[in-house]
Amino acid sequence: MTITITAADSAALSASDTASASATKTETAINSPSGLTQDGLTRVVLVTGAAKRIGRTIALTLAQRGWDVAVHYGRSEEEALGVVAEIKAMGRRSIALHCDLANETSVKELLPRVIAAFGSVQCVVNNASLFEEDSISDVSKLRLDKHMHANLLAPLLLSRALHAATPDGQQSCVINLLDQKLQNLNPDFLSYTLSKAALQCATTTLAQALAPKVRVVGVSPGITMVSGHQTAEDFAQAHQVTPLGRSSTPEDIANTICFVADMPAITGTTIMVDGGQHLLPSARDIMFLATSATTK
């Protein structure tokens, strides 16, 4: 399969190259050595779902640490271009790349597009997730397939592509965003939960299959941002239902990802970033139990 960078991709990256050229080597070193390869070249990361919410924070934090960032988006083009602009303002290269993660052909083309734009890629952060409410009473093949394609198959294909793109003697990293509820199961969001459970299993098996070229690590947040039908008040209450009195923030997750990307001895494991939320069993998803749990 031959992949050529589109005219829009090329124009966006050309502008990014101009901005990057103005950043001195000293500035790059100050940003962080974590953004450099062993050869002293800037490392490149693809962050899926990087236009908004947690993905946006991950992309910006990696850029602050010296990485060049491919900003993947599904429907949020305007927001993705905003993230790219912020990254370029740091003196880093960045480009926004659209891809429907439910489309297998498009997913297979995504990492080659990153390489065509930047020349190489050293990390994939599988942040994007489909998160739709269902239960055993209304689960369907269509809904389960949608979750499995976006939350499992896309990360698998991107992991395989990263392995193929990693030269012998070098090491890359896949970081999968999981969920604390996999350690604290309840029946809510059934299709989502099953897809994330499969991705957690894949984190272990891919770490075995893709070593030594590619490390594969999971990061499991707790409740981090307002989701679904939550109100801001419900979220604030739910965020405190942990042994530490707080769950994760987007910054907590982004900083953990930067740590994982820099640690060559970590693979095949999952890091919990949830304030201990997984230690408190609950019969329902935390977003539904917040009010009653904090007012007892």
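Computed over heavy atoms, backbone and side chain alike; hydrogens, waters and symmetry mates excluded. Not measured: the values here are computed from a predicted model.
Counting only residues at least two apart or on different chains, the salt bridge (Lys or Arg N to Asp or Glu O under 4.0 Å) pairs with a member in residues 145-158 are E132-K146, K141-D145. Legend: side chain to side chain donor-acceptor pair (under 3.5 Å) pairs involving residues 265-275, not counting sequence neighbours, sorted by first then second residue: D274-H278. Judged as a ring-ring contact (aromatic ring centres under 6.0 Å, His included), not a single pair has a partner in residues 202-224 (not counting sequence neighbours). A ring-ring contact (aromatic ring centres under 6.0 Å, His included) check over residues 251-270, counting only residues at least two apart or in different chains, returns nothing.
Taking the side chain as every heavy atom from C-beta outward, L280 and P243 approach each other to under 4.5 Å. Side-chain contact between V125 and I257 is present, with at least one heavy-atom pair separated by less than 4.5 Å. M148 places a side-chain heavy atom less than 4.5 Å from the side chain of L194. With contacts defined as side-chain heavy-atom distances shorter than 4.5 Å, the pair S94/V71 qualifies. The closest side-chain heavy-atom distance from I175 to C173 is below 4.5 Å. Side chains of L157 and K108 form a contact here, defined as non-hydrogen atoms less than 4.5 Å apart. A heavy-atom distance below 4.5 Å is found between the side chains of Q200 and Q183.
Under the 4.5 Å side-chain heavy-atom criterion for grouping Ile, Leu, Val, Met, Phe, Trp and Tyr, L142 is not connected to V139 through any hydrophobic cluster. No chain of hydrophobic side-chain contacts below 4.5 Å, direct or via other Ile, Leu, Val, Met, Phe, Trp or Tyr residues, connects L81 to I58. Linking ILVMFWY side-chain heavy atoms closer than 4.5 Å, directly or via other members, places L60 and Y73 in two distinct hydrophobic clusters. In this structure, L46 is a member of the same hydrophobic cluster as V107, with clusters built from ILVMFWY side-chain heavy atoms closer than 4.5 Å. Cluster annotation: L158 is not connected to L130 through the hydrophobic network of ILVMFWY side chains, with a link wherever side-chain heavy atoms come within less than 4.5 Å.
A donor-acceptor pair under 3.5 Å links the side-chain atoms of T193 to the main chain of D188, judged by distance alone. Listed for the H147 side chain is a donor-acceptor partner under 3.5 Å among the backbone atoms of R143. N151 places no side-chain N or O within 3.5 Å of a backbone atom of S129 that could act as its donor or acceptor partner. Between the side chain of H98 and the backbone N or O of G74, at least one donor-acceptor pair lies under 3.5 Å. Panel note: side chain R92, backbone R65; no donor-acceptor pair is recorded below 3.5 Å. With hydrogens and angles disregarded, a donor-acceptor distance shorter than 3.5 Å links the side chain of T48 to the backbone of A128.
Atoms NE2 and CG, on H72 and L111 in that order, are 12.0 Å from each other to the nearest 0.5 Å. For the atom pair SG of C123 and CG of D262, the computed distance is 9.5 Å after rounding to the nearest 0.5 Å. For the atom pair CG (L185) and CD (Q180), the distance works out to 9.5 Å, reported to the nearest 0.5 Å. With rounding to the nearest 0.5 Å, the separation of CZ in R53 from CD1 in I253 is 10.0 Å. For the atom pair CG (L190) and CD (E133), the distance works out to 11.5 Å, reported to the nearest 0.5 Å. Distance check: C99 SG to L110 CG gives 4.5 Å after rounding to the nearest 0.5 Å.
Contacts of E86 classified as salt bridge (charged side-chain N to carboxylate O under 4.0 Å, His left out), with partners at least two apart in sequence or in another chain: R56. In this view, H149 satisfies the ring pair (Phe, Tyr, Trp, His ring centres under 6.0 Å) rule with no residue, not counting sequence neighbours. Residues passing the side-chain hydrogen bond (donor to acceptor under 3.5 Å, both in side chains) test with S191 are D134, sequence neighbours excluded. Residues passing the salt bridge (charged side-chain N to carboxylate O under 4.0 Å, His left out) test with R246 are D252, sequence neighbours excluded. Residues passing the side-chain hydrogen bond (donor to acceptor under 3.5 Å, both in side chains) test with D100, sequence neighbours excluded: none. K196 pairs by the salt bridge (charged side-chain N to carboxylate O under 4.0 Å, His left out) definition with nothing, not counting sequence neighbours. Residues satisfying the side-chain hydrogen bond (donor to acceptor under 3.5 Å, both in side chains) criterion with S137, sequence neighbours excluded, are S135.
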From CA spacing to verdict: side chain to side chain contact (heavy atoms under 4.5 Å, CB included), F118, R93: CA-CA 8 Å; F118 293 96; R93 294 185 298 166; 3.7 Å; yes

Test side chain to side chain contact (heavy atoms under 4.5 Å, CB included) applied to E109 and T105, step by step: CA-CA 6 Å; E109 294 174 348; T105 299; 3.9 Å; yes

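The two residues V83 and A50 have their closest heavy-atom pair at CG2-O, 3.7 Å. The two residues T57 and T61 make their nearest non-hydrogen contact at O-OG1, 2.7 Å. Closest of all the heavy-atom pairs between N186 and S282 is CB-O, 3.8 Å. Smallest separation of non-hydrogen atoms from A59 and V69: O-CG2, 3.7 Å. For A70 against L97, the heavy-atom pair with the smallest separation is CB-CD1, 4.3 Å. Among all heavy-atom pairs drawn from A165 and P167, the shortest one is O-CD, 3.4 Å.
Ring planes of F131 and F189: parallel class, angle under 30° (limits at 30 and 60°).
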Acceptor/donor pairs from residues 210-223 side chains to any protein atom, 3.5 angstrom cut, sequence neighbours excluded:
residue : atom : partner : partner atom : Å
K213    : NZ   : T166    : O            : 3.0
K213    : NZ   : D168    : OD1          : 3.0
R215    : NE   : Q171    : OE1          : 3.0
R215    : NH1  : V260    : O            : 3.2
R215    : NH1  : M263    : O            : 2.8
R215    : NH1  : I266    : O            : 2.9
R215    : NH2  : V260    : O            : 3.0
R215    : NH2  : A261    : O            : 3.2
S220    : OG   : D179    : N            : 3.4

